[in-house]
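Notes follow the structure.
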Amino acid sequence: MDATAAMAGCFGVGEFPAVLRRLVVGMAEGRLDAECGGVCRSLWLEAGQVRSITSTAEEEKLGSWLVARGMLSARDMAMALVDQPEGVLFGKLLVEKGLLDVETLGQELERLAISIMSSLLLVAGSYSLRPELRLPPDAATMEMTTASLLMAAYRVLPDAQLPLDGLAGESYVWAAE
């Protein structure tokens with residue numbers, strides 16, 4: 001498959017790992033947008049590795065995630081959103097306000113990324129790579145490889161929901177890669 005073919009397309013249930021595999025092999029850079037049922041999940045790639053994931057689904061946004069996990073009160077989230085200056089990342093603002101420390105922010109962003117990735121394993125959708133878009137330099141990034149992120153995402157799924165077709169060696173990124 002040539003590089004331009006990996007830039008956009010569709011994937012079925014359990015097929016998203018194959019998309020990531022092609023991007024890892026091609027050492028893709030930029031933002032990969034995966035559209036599924038009206039939700040856009042954006043994966044920021046550097047040298048083929050996922051460094052950050054965001055989502056338009058309210059329950060997959062950092063503030064809602066932290067409130068649901070009891071790490072932040074709904075009031076503190078609302079006040080931080082009101083105070084958030086244009087161009088300042090929400091996680092950075094939470095650290096600046098003393099609502100989270102850097103280590104906790106990193107751990108929660110990793111957990112959220114795993115949750116978002118697991119939801120991408122269970123849906124069909126479309127994707128497009130936007131190589132001109134880069135992760136902001138002040139964004140918190142994950143230290144996981146794309147392969148370890150995928151394996152962690154599979155591990156959080158109940159066995160009954162596992163998309164077994166995505167586990168074929170030619171279809172997913174495995175830890176040794």
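What's counted below: heavy atoms across the whole structure, side chains too, no hydrogens, waters or symmetry copies. Computed from a predicted model, the values in this text were never measured in an experiment.
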Are L112 and V156 connected in the hydrophobic side-chain network, where two residues link if heavy atoms are under 4.5 Å apart? yes
Rounded to the nearest 0.5 Å, the CG atom of L105 sits from the CE atom of M71 at a distance of 9.5 Å
L43 side, atom CG; I53 side, atom CD1 - distance, nearest 0.5 Å: 4.5 Å
Is the closest side-chain donor-acceptor distance between E58 and S64 under 3.5 Å? yes
Restricting to non-hydrogen atoms, name the atom on L121 and the atom on P17 that form the minimum distance, rounded to 0.1 Å. CD2-CG, 3.4 Å
For residues 111-130, the salt bridge (charged side-chain N to carboxylate O under 4.0 Å, His left out) pairs (sequence neighbours left out) are E108-R111, R130-E132
Considering only NZ, NE, NH1 and NH2 on the basic side and carboxylate oxygens on the acidic side, decide whether D76 and K97 come within less than 4.0 Å. no
At their closest point, which heavy atom of L99 faces which heavy atom of A80, and how far apart are they? CD1-CB, 4.5 Å
Nearest-0.5 Å distance that lies between atom CG in L81 and atom CG in L94: 8.0 Å
Would you compute the distance between atom OG1 of T141 and atom CD of Q49 and round it to the nearest 0.5 angstrom? 12.0 Å
Contact between L149 and E110 at the side-chain level, heavy atoms closer than 4.5 Å - yes or no? no
Is M117 close to F16 at the side-chain level, that is, under 4.5 Å between some pair of heavy atoms? yes
Residues passing the side chain to side chain contact (heavy atoms under 4.5 Å, CB included) test with V102, sequence neighbours excluded, are V95
Run the side-chain contact (heavy atoms from CB on, under 4.5 Å) check on L100 and L66 step by step: do they pass? CA-CA 10 Å; L100 280 182; L66 293 170; 3.6 Å; yes
Who pairs with K92 by side chain to side chain contact (heavy atoms under 4.5 Å, CB included), at least two apart in sequence or on another chain? L89, E96, D138
For C36 and L120, which heavy atoms make the closest approach, and how far apart are they? SG-CD2, 3.8 Å
With a 3.5 Å distance limit and no angle check, can you tell me whether S118 reaches the backbone of L157 through a side-chain donor-acceptor pair? no
Taken in chain and number order and not counting sequence neighbours, the residues that satisfy side chain to side chain contact (heavy atoms under 4.5 Å, CB included) with D101 are E103, T104
Could you list the cluster mates of W44? Members are the ILVMFWY residues connected by side-chain heavy atoms closer than 4.5 Å, either directly or through other members. L133, L135
Selection residues 33-50 - residue pairs positive for salt bridge (charged side-chain N to carboxylate O under 4.0 Å, His left out), sequence neighbours left out: R31-D33, R41-E60
In this structure, CG of L150 is separated from CZ of R155 (nearest 0.5 Å) by 10.5 Å
Student check: side-chain heavy atoms of M7 and L23 closer than 4.5 Å: no
Walk me through it: do V39 and S55 pass the test side-chain contact (heavy atoms from CB on, under 4.5 Å)? CA-CA 7 Å; V39 175; S55 174; 3.7 Å; yes
Measure the spacing between CD of E29 and CZ of R51 and express it to the nearest 0.5 Å. 10.0 Å
Between F90 and T54, is there a side-chain heavy-atom distance shorter than 4.5 Å? no
Can you name the nearest heavy-atom pair linking P131 to L129, along with the distance? CD-O, 3.2 Å
Contact summary for L32 and Y127, nearest pair of heavy atoms: CD1-CD1, 3.8 Å
How close do G63 and M77 get, counting heavy atoms only, and between which atoms? C-SD, 3.1 Å
Could you check whether S148 and T145, counting side-chain N and O atoms only, form a donor-acceptor pair closer than 3.5 Å? yes
